[in-house]
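Quick caveat: nothing in here was measured; it's all calculated off a predicted structure. Chain A is the first sequence line, chain B the second, and so forth, proteins listed ahead of strands; every chain is numbered from 1.
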Number of protein chains: 2
Amino acid sequence: MSRQRLLIARSAAGMHGAFTVEELHRSAQDVVPGLGVATTYRAVAAMAGCGTLAVVGEREGRTLYVWCANGEHHHHLICTDCGRVAGIDCPLPEGDAFASARRVGFTVTRHDLTLYGLCDTCREDGER
Amino acid sequence: MSRQRLLIARSAAGMHGAFTVEELHRSAQDVVPGLGVATTYRAVAAMAGCGTLAVVGEREGRTLYVWCANGEHHHHLICTDCGRVAGIDCPLPEGDAFASARRVGFTVTRHDLTLYGLCDTCREDGER
DNA sequence: GTAGGTGCAAAGGATTTGCTTAAAC
DNA sequence: GTTTAAGCAAATCCTTTGCACCTAC
């Protein structure tokens, strides 16, 4: 692994909440001056491919990612105000989860779930 | 509502499974020769805004939509082979669904869930 | 040594926007 | 009559790609 990829990964791990490629790139440039955009895009693609980054929606046309070292199956909860992210266990009931899927003849192989809401800080700010 | 929007909506309703804007546009052009791409994009934005269309992922950089006349809260199950779509009830347990969310101080306001799998036809084709 | 990564700049391509004309109500 | 949308083309802008050079192993 190259120095750049390592430092990009470290920057990603240090991001607060969800981020765009552009934001990650800016952050990584603090540590790697002259870092090319393409390099960041390629690093993001690699990390997304191996599950180290996860897509959690988009903001104004830009894909949002989160650092996601935890390899277990889980989902993300995004604060719609500040972008803070929390990982949560899969809340889908195990066994008969997809009864309605079976009813229509489908076999479920994968699912994407993302929760949106307000973190405690932003909720309090809102009430103020 | 203009003739074009009506016919675009009708085309969307008639699409088999998930579709891109481009595919919808081609389909709508069969009924509205000379239809502009921008018109289709604007119609899609309007329909997505009022919930008549739902986003269900993407294919090669193009956003995938499904026709979604059912106003009730529900989710979609997409066949990864043929793109066929089935609407399903929300499988998230009502009451204590988001215990882990509360545990991290979040209030959940919204969630996106999309299931992927194989429809009966494609599963049988695969086994053959 | 060689396979994979980097930087730069140019290309690609989906989506949006400005503007004028035309249809809806 | 006004407001809303259509159609066309140009612009936008995120993302990818080609290429020559360099770094990791």
Side-chain angles (χ1 to χ4, degrees), chain A residues 1-13 15 17-68 78 83 112 114, chain B residues 1-13 15 17-68 78 83 112 114:
Chain A
M1 179 185 276
S2 71
R3 195 178 79 88
Q4 283 89 333
R5 290 230 174 155
L6 177 67
L7 291 169
I8 292 170
R10 201 172 284 170
S11 295
M15 298 295 287
F19 53 87
T20 64
V21 175
E22 189 192 350
E23 288 160 357
L24 173 59
H25 181 242
R26 270 202 297 271
S27 165
Q29 276 188 318
D30 293 346
V31 210
V32 188
L35 179 68
V37 205
T39 301
T40 302
Y41 272 99
R42 283 187 277 235
V44 165
M47 292 188 286
C50 73
T52 315
L53 288 186
V55 174
V56 291
E58 58 137 279
R59 188 171 66 218
E60 295 167 20
R62 269 138 261 165
T63 305
L64 284 177
Y65 295 89
V66 293
W67 175 254
C68 187
I78 323 285
D112 284 348
T114 305
Chain B
M1 177 187 277
S2 72
R3 194 179 78 88
Q4 284 89 333
R5 291 231 172 156
L6 177 67
L7 292 169
I8 291 170
R10 200 172 284 170
S11 294
M15 298 295 288
F19 54 87
T20 64
V21 175
E22 188 192 349
E23 287 161 356
L24 173 60
H25 181 242
R26 268 204 297 272
S27 166
Q29 277 189 318
D30 293 347
V31 212
V32 188
L35 179 68
V37 205
T39 301
T40 302
Y41 272 99
R42 284 187 275 236
V44 165
M47 293 190 286
C50 74
T52 315
L53 289 186
V55 174
V56 290
E58 57 135 279
R59 189 171 65 220
E60 296 166 21
R62 270 139 259 164
T63 306
L64 285 178
Y65 295 88
V66 294
W67 175 253
C68 186
I78 322 285
D112 284 347
T114 305

To the nearest angstrom, how far is [X] atom [atom1] from [N] atom [atom2]?
X: A/Leu24; N: D/dT15; atom1: CG; atom2: P; value: 12 Å
X: A/Glu60; N: D/dT15; atom1: CD; atom2: P; value: 13 Å
X: B/Tyr41; N: D/dA6; atom1: OH; atom2: C1'; value: 17 Å
X: B/Arg42; N: D/dA9; atom1: CZ; atom2: C1'; value: 12 Å
X: A/Leu35; N: D/dC22; atom1: CG; atom2: P; value: 18 Å

Measure the shortest side-chain to side-chain distance between [X] and [Y] over non-hydrogen atoms and say whether it is less than 4.5 angstrom.
X: A/Leu24; Y: A/Tyr65; answer: no
X: B/Val44; Y: B/His25; answer: no
X: B/Arg42; Y: B/Arg5; answer: yes
X: B/Phe19; Y: B/Leu64; answer: no

Which is true for B/Thr63 with a 4.0 Å heavy-atom rule: it touches a base, it touches only sugar-phosphate, or it touches nothing? sugar-phosphate

With a 4.0 Å cut-off on heavy atoms, is B/Arg5 in touch with a base, just the backbone sugar-phosphate, or nothing at all?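 Here B/Arg5 touches the backbone only, sparing every base.
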
Between B/Ala38 and B/Gly61, whichever has its closest DNA chain C nucleotide further toward 5' is B/Gly61

Can you work out whether B/Gln4 or B/Arg62 has the more 5'-proximal nearest nucleotide on DNA chain C?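 It is B/Arg62, whose closest nucleotide lies nearer the 5' terminus.
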
Spatial distance of atom CD (B/Gln29) from atom OG1 (B/Thr39) [nearest 0.5 Å]: 10.0 Å

Range on DNA chain C touched by chain B, heavy atoms, distance below 4.0 Å: C/dA14 to C/dC25

Single hit among B/Ile8, B/Asp30, B/Leu7 for side-chain contact (heavy atoms from CB on, under 4.5 Å) with B/Leu35: B/Ile8

